[in-house]
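The figures that follow rest on heavy atoms only: side chains count, while hydrogens, waters and symmetry mates do not. Remember, it's 1-based here, ligands and their atoms both numbered in the order they're listed.
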Amino acid sequence: MAQKIDGKEVSLFIKDKIKNETEKLKNKTGSVPGLAVILVGNDSASHVYVRNKKLACEYCGFYSESYELPESTSQQQLLKLIDTLNKNNNIDGILVQMPLPAHIDADTVINAILPEKDVDAFNPSNVGRIMLGEYSFLPCTPAGVMELLKYYNIDVSGKECVVIGRSNIVGKPMAMLLLHENATVTVCHSRTRELADVTRRADILVCAVGHPMFVTADMVKDGAVVIDVGINRKPDGKLCGDVDFESVEKKASFITPVPGGVGPMTISMLMQNTLTSYKLKVKRSQNNGI
Ligand code: GUN
């Protein structure tokens, strides 16, 4: 029977470290990190995520601003708000919650955020730096997975890691972070042939496809570590991941539950990025003699 990986516990551990560091920095500088979160439209899951991000800011002692804009907001209005926040020295991170309404182009919006305030690490310049392994901002969800592995002393070096899903937000950066830690990485996707043959090779299997019950016990090697990045809603309204938890937990050595696995980690990584952005800003202003 697998050991359950407790994302809430690890997330709290990280947020406590951030909170302590923020308090010390505040005593030194008189200021705190600031995060602005923008939500456009009525997506109910997005409203929950945005509320949780605001609560995490309060917990860590950050300054936060949240903008909940109507579905009818134009792209120009959104870009104007981002421009104002780019120029606001109290704001170190700007996060525009995805998905955006269809009439707004997400790439244009992401590109409008100053790379030094792009705490999602979605901007092409930050994505490129992740590829090179020289990055300040962590890709939040994959970095959260890496922190879970570290906390549970699960060594990645030399292991067979299989990532299911090739999205820009999770699959691709996940593969990069595992590769930076010397794993042998395979990325699977909808065109992968004989998927189960590939996934059964995995010492560490990461699934991010967005389909409930996608990973079944026959796809998992005995003793594998199974990380479930999926967040799906069942017909009864309850959350579930991409992994058939009940059958897979009997075979795996470690497994993340949904909810309470990877999800809480994403937010603590966002807090980490906001703190990093703040510290870089303070350093820049010291270098400029301000
Ligand atoms: N929507 C779902 N996950 C994310 C995320 O990590 N960042 C943003 N901006 N939107 C999301």
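- The contact set between ligand 1 and Val96, taken as ligand atoms under 4.0 Å from a residue heavy atom, comprises 8 (C), 9 (N).
- The proximity of Phe122 to ligand 1, defined as any non-hydrogen pair under 4.0 Å, is limited to the side chain.
- Within the cation-pi definition used here (under 6.0 Å to the ring centroid, within 45° of the axis), Lys4 does not qualify as a partner of Phe254.
- Remark: ligand 1 atoms within the under-4.0 Å shell around heavy atoms of Leu95 are 9 (N).
- Summarising the local packing, NZ of Lys54 is surrounded by 12 or fewer heavy atoms from other residues, nucleotides or ligands at distances under 6.0 Å.
- Nearest protein heavy-atom neighbour of atom 5 (C) of ligand 1: Asp120 OD1, 3.9 Å.
- Of all protein heavy atoms, the one lying nearest to atom 3 (N) of ligand 1 is Gln97 NE2, 4.4 Å.
- Panel note: side chain Lys117, backbone Asn86; a donor-acceptor pair is recorded below 3.5 Å.
- Within 6.0 Å of the CD atom in Glu58, the count of heavy atoms belonging to other residues, nucleotides or ligands exceeds 12.
- Between Met98 and ligand 1, at least one pair of N/O atoms sits closer than 3.5 Å.
- Within 6.0 Å of atom CE in Met98, more than 12 heavy atoms from other residues, nucleotides or ligands are found, so the atom counts as buried in its surroundings.
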